[in-house]
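Since we're looking at a predicted model, the values are computed, not measured.
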Amino acid sequence: MVVLLGLVASIGWISRPARLSELILDQVGTSLGLQITASGTSEYRLRGTPMLTVRGLDVRQPGSATALLTAERAYLALPWATLWAGGEDLTIRRVELDGPQLDLSALQDWLATRPEGGPLRIPTLTDGLRITRGLVAGDGWSVDRLSIATDHVSTSQPLAARLTGRLLVGTTTVPFDLQLALTRPAIGAGAAIAGIASVRSGQSRMPLALNLSGVLRDAADGIGLDATRLGVHARWLRESSDEDPTIAFALGISGRVRYRGGDLVVVPLAAAVRGQDKVPERVDATGSLALGDALSLHLSGQVADWPARWPALPAPLGESDSPFPFTVDYAGATDFSDPLNLQLSRDETRFDGRFRLPELTDWIAQLADGTPLPPLTGTLTTPQIEVAGATLTGVRLQIDDGDHEGSDGLPESDRLPDSGPAR
């Protein structure tokens with residue numbers, strides 16, 4: 001009689017969806033050290049493989065005021081063996097999330113509580129994962145419209161997934177469609193991403209194809225990638241134009257990538273640009289990059305030669321075969337709308353000044369019809385220059401792009417104090 005009463009009570013308890021969802025979410029949460037609850041209505045099916053749908057999903061560290069993950073709807077299909085394993089078995093048939101929102105800062109806080117040196121327990125999804133209308137929130141940036149689809153997840157097997165969405169950084173948007181591959185979904189695994197994206201800012205757009213690879217890391221300085229390699233083939237176009245690309249180039253970047261406390265840092269960083277016509281054929285540089293609420297960039301390197309389609313340099317500067325060593329520093333808005341500081345030289349000729357990237361890009365795009373003078377502000381010094389048949393020595397030019405109040409935009413020249421006479 002006691003057994004019969006117990007059986008009846010159990011059936012009555014498990015037949016209530018809220019109680020069953022509480023049991024399942026508690027089992028999963030306990031295994032991960034998280035508090036997982038659902039505030040909305042629940043639905044379930046017990047025949048065959050148990051299936052549970054919950055609404056108003058909330059995942060957070062116990063006692064935390066900030067949710068790590070929320071979702072409008074979550075669907076789980078998991079075997080009975082997982083239900084009765086008490087968190088020891090994390091085999092799940094399938095997971096679906098609609099409208100999830102992930103807080104990266106809260107995620108990092110949780111990861112920091114995991115046992116040091118202990119492996120992060122990742123569930124096995126025998127029938128895969130589907131995420132729709134997702135949002136990942138960082139400090140100063142976010143990814144919305146995120147969709148992820150994969151057929152299988154196992155820590156002992158390679159993973160392949162498709163990711164689509166839109167990156168938002170300030171006024172810049174980057175819709176993307178990518179394929180992700182991992183040697184296994186675990187820290188220390190190899191990762192690769194390939195696909196297409198389009199950088200859109202103001203009246204310009206830059207469609208690109210990219211390949212990214214690296215090794216997943218979670219260290220004291222943040223989560224990210226080691227041995228990162230990024231290859232990009234890009235075309236820059238004005239928004240209103242569907243003609244041939246105004247500017248086309250290939251970009252390669254390597255370095256160590258870390259994300260921590262809202263900042264994305266790439267240091268050390270090595271970069272290479274390969275172009276033709278309007279873009280230098282070869283540019284190589286090293287430096288660092290930090291992206292958060294603002295962008296900081298430092299690059300030092302050299303341009304191999306003057307671009308073929310740019311206005312010819314005066315003699316003897318244009319007759320030299322020497323490269324152009326340069327240093328670029330930037331600290332400002334994430335869309336590069338603030339000035340970049342530039343130091344550029346060739347042999348004994350030197351330029352110290354600044355420019356704005358959008359204006360320089362527009363100048364390159366209009367080389368055939370625009371002014372031969374690039375939109376630069378600064379000082380050019382050279383021991384000798386030939387202009388209109390005349391040879392000037394000890395030259396110092398003050399260059400202004402004409403955008404500053406009180407300037408007529410014309411360069412001024414004067415001799416250095418110890419220079420010789422002009423001829």
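Between the OG1 atom of T150 and the CG atom of L125 there is a distance of 8.0 Å, given to the nearest 0.5 Å. For the atom pair R396 CZ and T382 OG1, the distance stands at 13.0 Å (nearest 0.5 Å). Atom-to-atom distance recorded for T172:OG1 and W141:CH2 is 14.5 Å, nearest 0.5 angstrom. A distance of 8.0 Å separates CG of L299 from OG1 of T286, quoted to the nearest 0.5 Å. Taken from CH2 in W110 to OG in S64, the straight-line distance is 13.0 Å, to the nearest 0.5 Å.
Ion pair E348/R350 not flagged as a salt bridge, since none of the NZ, NE, NH1 or NH2 atoms sits closer than 4.0 Å to an Asp/Glu carboxylate oxygen. Salt-bridge check for D305 with R346: passed, with a basic side-chain N closer than 4.0 Å to an acidic carboxylate O. Look at R274 and D284 and you find a salt bridge, because one of the NZ, NE, NH1 or NH2 atoms lies within 4.0 Å of a carboxylate O, short of that distance.
The shortest heavy-atom contact between T334 and L295 is CA-CB, 4.0 Å.
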Donor-acceptor list for residues 208-224 side chains, cut-off 3.5 Å, not counting sequence neighbours:
from : atom 1 : to   : atom 2 : distance (Å)
R217 : NE     : D226 : OD2    : 2.9
D221 : OD1    : R258 : NE     : 3.0
D221 : OD2    : R258 : NE     : 3.4

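Outside the 6.0 Å centre-distance limit, the rings of F249 and W236 are not counted as a close aromatic pair.
Side-chain contact annotation: D347 with S320, donor-acceptor N/O pair under 3.5 Å present.
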